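Every value quoted in this text rests on a predicted model; they were computed, and no experiment measured them. By convention in this document, chain letters (A, B, ...) are assigned in the order of the sequence lines, proteins followed by strands, and residues within each chain are numbered from 1.
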Number of protein chains: 2
Amino acid sequence: MRQERSGKLSVNSLGFALLGLLARERLSGYDLKRRMGREVGNFWSASHGQIYPELARLEGDGMVSHELVEQRDRPDKKVYEITPAGLAALGEWVTAPVEPRVTRDELVLKAYSMWLAKPEEALALFGEHERLHEERLARYEEIGAWMEAEWGDDLDRLDSPRFASYATLMRGIMHERGYAEWCRWLAGRISARLERRERAPENG
Amino acid sequence: MRQERSGKLSVNSLGFALLGLLARERLSGYDLKRRMGREVGNFWSASHGQIYPELARLEGDGMVSHELVEQRDRPDKKVYEITPAGLAALGEWVTAPVEPRVTRDELVLKAYSMWLAKPEEALALFGEHERLHEERLARYEEIGAWMEAEWGDDLDRLDSPRFASYATLMRGIMHERGYAEWCRWLAGRISARLERRERAPENG
DNA sequence: TGCTATTATGTCAATCTTGACATATATATC
DNA sequence: GATATATATGTCAAGATTGACATAATAGCA
């Protein structure tokens with residue numbers, strides 16, 4: 001969602017994702033892509049084909065500036081920095097109202113038509129996703145434990161980016177936990193029905 | 001995600017959402033839009049500006065057919081019906097692998113930068129969303145209770161569309177429950193910190 | 001020297017999605 | 001008669017997103 005701003009300036013969600021990362025440290029487009037995968041990957045993502053043009057737009061709007069950094073062991077890079085204007089825009093946006101958008105979820109969409117499926121195949125599908133979300137949950141919980149151990153005191157400071165990172169990670173943990181639970185519930189229902197069928201094939 | 005199919009035929013997720021609805025009953029584009037809001041709105045959505053062209057594409061691919069129905073008290077309408085080919089495509093797609101896509105969530109994206117916000121404003125934002133998701137949760141739970149009471153026996157039949165509807169509703173319930181919980185957790189952290197600040201203004 | 005992988009930045013076509021624009025019928029209300 | 005609302009179907013421009021195409025420097029290895 002592109003936010004209307006005074007006159008012609010506007011920044012979309014991806015722009016604010018990039019600003020959110022740049023508010024913490026100076027980064028190149030390449031590094032932003034990698035951070036996107038780790039820190040932010042839980043609730044936003046973008047390909048580099050989207051990031052580079054967006055950085056150019058942000059720079060055109062005065063939200064970021066860049067410095068060319070020459071490297072010996074690697075290709076040179078552009079290191080971006082958030083400007084005071086960018087920081088101000090980000091700060092304004094943070095608590096501006098959000099209209100909640102529908103979360104599109106193809107697996108749930110499939111569940112809606114699973115009465116047409118072979119139960120064994122449905123079981124395999126939801127079982128696989130249960131494992132997938134359990135895996136992610138375990139990874140997030142590890143990171144959470146690490147944050148609590150390493151960042152302990154900062155996690156109580158509302159003005160600390162670490163607290164903010166921890167809060168988004170908590171959302172990831174709760175999401176994965178709930179999603180895995182749903183897959184497990186559904187797979188359980190399917191396998192229970194399959195077992196009953198095996199014991200009494202007439203009622204299948 | 002558009003699925004590659006033998007030759008040139010292809011149906012995207014929206015197409016399968018429409019086929020999933022039409023596999024249950026014959027519907028007009030206008031009715032599909034409404035069903036989209038209710039049954040499917042929990043995990044997919046589309047504007048009518050997307051639905052009408054998609055129906056035309058589906059018909060061009062032989063997935064649906066339509067009949068013009070004249071009405072006295074209202075404008076005439078096109079009632080769509082799924083074809084055997086459409087049903088086959090839907091059945092194949094249901095258990096085909098899904099590559100999980102990042103759920104983009106603007107509120108979590110804001111949480112990532114909330115260390116820049118005034119705590120009172122952040123509290124208001126997350127408190128508002130807690131209420132919003134609690135409201136949705138209550139609505140979904142009501143529908144769930146109604147389904148259990150009215151559809152009881154069907155909810156054990158894997159081949160029943162009612163079971164499938166119930167399964168997707170359960171995902172909605174779990175999602176809203178988890179989301180509200182996260183908002184509550186976050187709002188609680190913020191207000192706890194605010195209270196401490198009030199008691200000891202020097203440490204703010 | 002050739003091959004591969006990583007870092008680094010960019011463009012572009014195709015597709016998806018939103019929100020506005022557009023039109024028309026029938027009912028209800030003022 | 002005028003106006004508003006619900007039903008009903010469509011188009012279209014702008015923006016968001018993906019995935020491919022494209023280029024280049026550096027390092028490591030055979």
Side-chain angles (χ1 to χ4, degrees), chain A residues 1-4 8 10-18 26-37 40-41 44-61 64 66-80 99-106 109, chain B residues 1-4 8 10-18 26-37 41 44-60 64 66-80 99-106 109:
Chain A
M1 277 286 89
R2 207 161 267 279
Q3 309 285 314
E4 282 310 310
K8 45 192 185 297
S10 70
V11 179
N12 61 14
S13 300
L14 171 59
F16 285 117
L18 298 177
R26 306 161 84 243
L27 291 166
S28 67
Y30 191 81
D31 286 331
L32 280 163
K33 169 76 180 97
R34 281 199 293 206
R35 297 299 165 100
M36 205 68 135
V40 179
W44 211 269
S45 83
S47 64
H48 81 265
Q50 218 185 339
I51 291 173
Y52 288 114
E54 186 60 35
L55 280 170
R57 265 194 296 277
L58 288 172
E59 189 158 39
D61 287 348
V64 301
H66 83 266
E67 177 198 6
L68 209 80
V69 173
E70 290 178 32
Q71 302 186 114
R72 273 160 300 165
D73 51 341
R74 297 168 179 197
D76 299 349
K77 62 180 175 181
K78 293 182 181 176
V79 173
Y80 286 86
E99 79 291 16
R101 304 178 85 72
V102 174
T103 337
R104 290 187 171 84
D105 188 323
E106 203 170 353
L109 187 60
Chain B
M1 278 287 91
R2 209 161 264 279
Q3 308 286 310
E4 282 310 309
K8 43 194 188 299
S10 72
V11 179
N12 62 13
S13 300
L14 170 60
F16 286 117
L18 298 177
R26 305 161 83 244
L27 291 166
S28 67
Y30 191 80
D31 285 331
L32 279 163
K33 169 77 180 95
R34 281 198 293 204
R35 296 299 165 101
M36 205 70 134
W44 211 269
S45 83
S47 65
H48 80 265
Q50 219 185 339
I51 290 173
Y52 288 115
E54 185 61 34
L55 280 170
R57 263 194 298 277
L58 287 172
E59 189 158 39
V64 302
H66 83 265
E67 178 198 6
L68 208 81
V69 172
E70 290 177 32
Q71 300 185 115
R72 273 160 300 165
D73 52 341
R74 295 167 180 199
D76 300 347
K77 62 179 173 180
K78 294 181 179 176
V79 174
Y80 286 87
E99 78 293 14
R101 304 177 85 70
V102 174
T103 338
R104 291 187 170 82
D105 189 324
E106 202 170 352
L109 187 59

| query | Pick the nucleotide of DNA chain C nearest each of A/Y80 and B/Q71; which residue has the one closer to the 5' end? | reply |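 By nearest-heavy-atom nucleotide position, the 5'-most residue is A/Y80.
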
| field | Residue whose closest nucleotide on DNA chain C lies nearer the 5' end, A/G29 versus B/S45 | value |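 On the 5' side of the pair lies A/G29.
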
Can you tell me if [X] touches the phosphate of [N], counting only side-chain N or O atoms and a distance under 4.0 Å to OP1 or OP2?
X	N	answer
A/Y30	C/dT9	no
A/N12	D/dA16	yes
A/K78	C/dG10	yes

| query | Could A/K77 and A/E70 be called an ion pair, given the rule that one side-chain N must be under 4.0 Å from one carboxylate O? | reply |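 No.
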
Give the nucleotide from the list [options] with an atom nearest to the side chain of [X].
X	options	value
B/D73	C/dT9, C/dA26, C/dA20	C/dA26
A/H48	C/dT11, D/dA24, C/dG19	C/dT11
A/Q50	D/dA8, D/dT18, C/dT17	D/dT18
B/R34	D/dT17, D/dT7, D/dG10	D/dT7

| task | Report the C-alpha separation of B/D73 and B/Q71 in whole Å, then their side-chain angles, then the decisive distance to 0.1 Å, and conclude whether the side chain to side chain contact (heavy atoms under 4.5 Å, CB included) test is met. | result | CA-CA 6 Å; B/D73 52 341; B/Q71 300 185 115; 4.3 Å; yes

| task | Determine the minimum heavy-atom distance between A/L32 and A/L27, stating which atoms define it. | result |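 Minimum heavy-atom separation between A/L32 and A/L27: CD2-CD1, 3.8 Å.
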
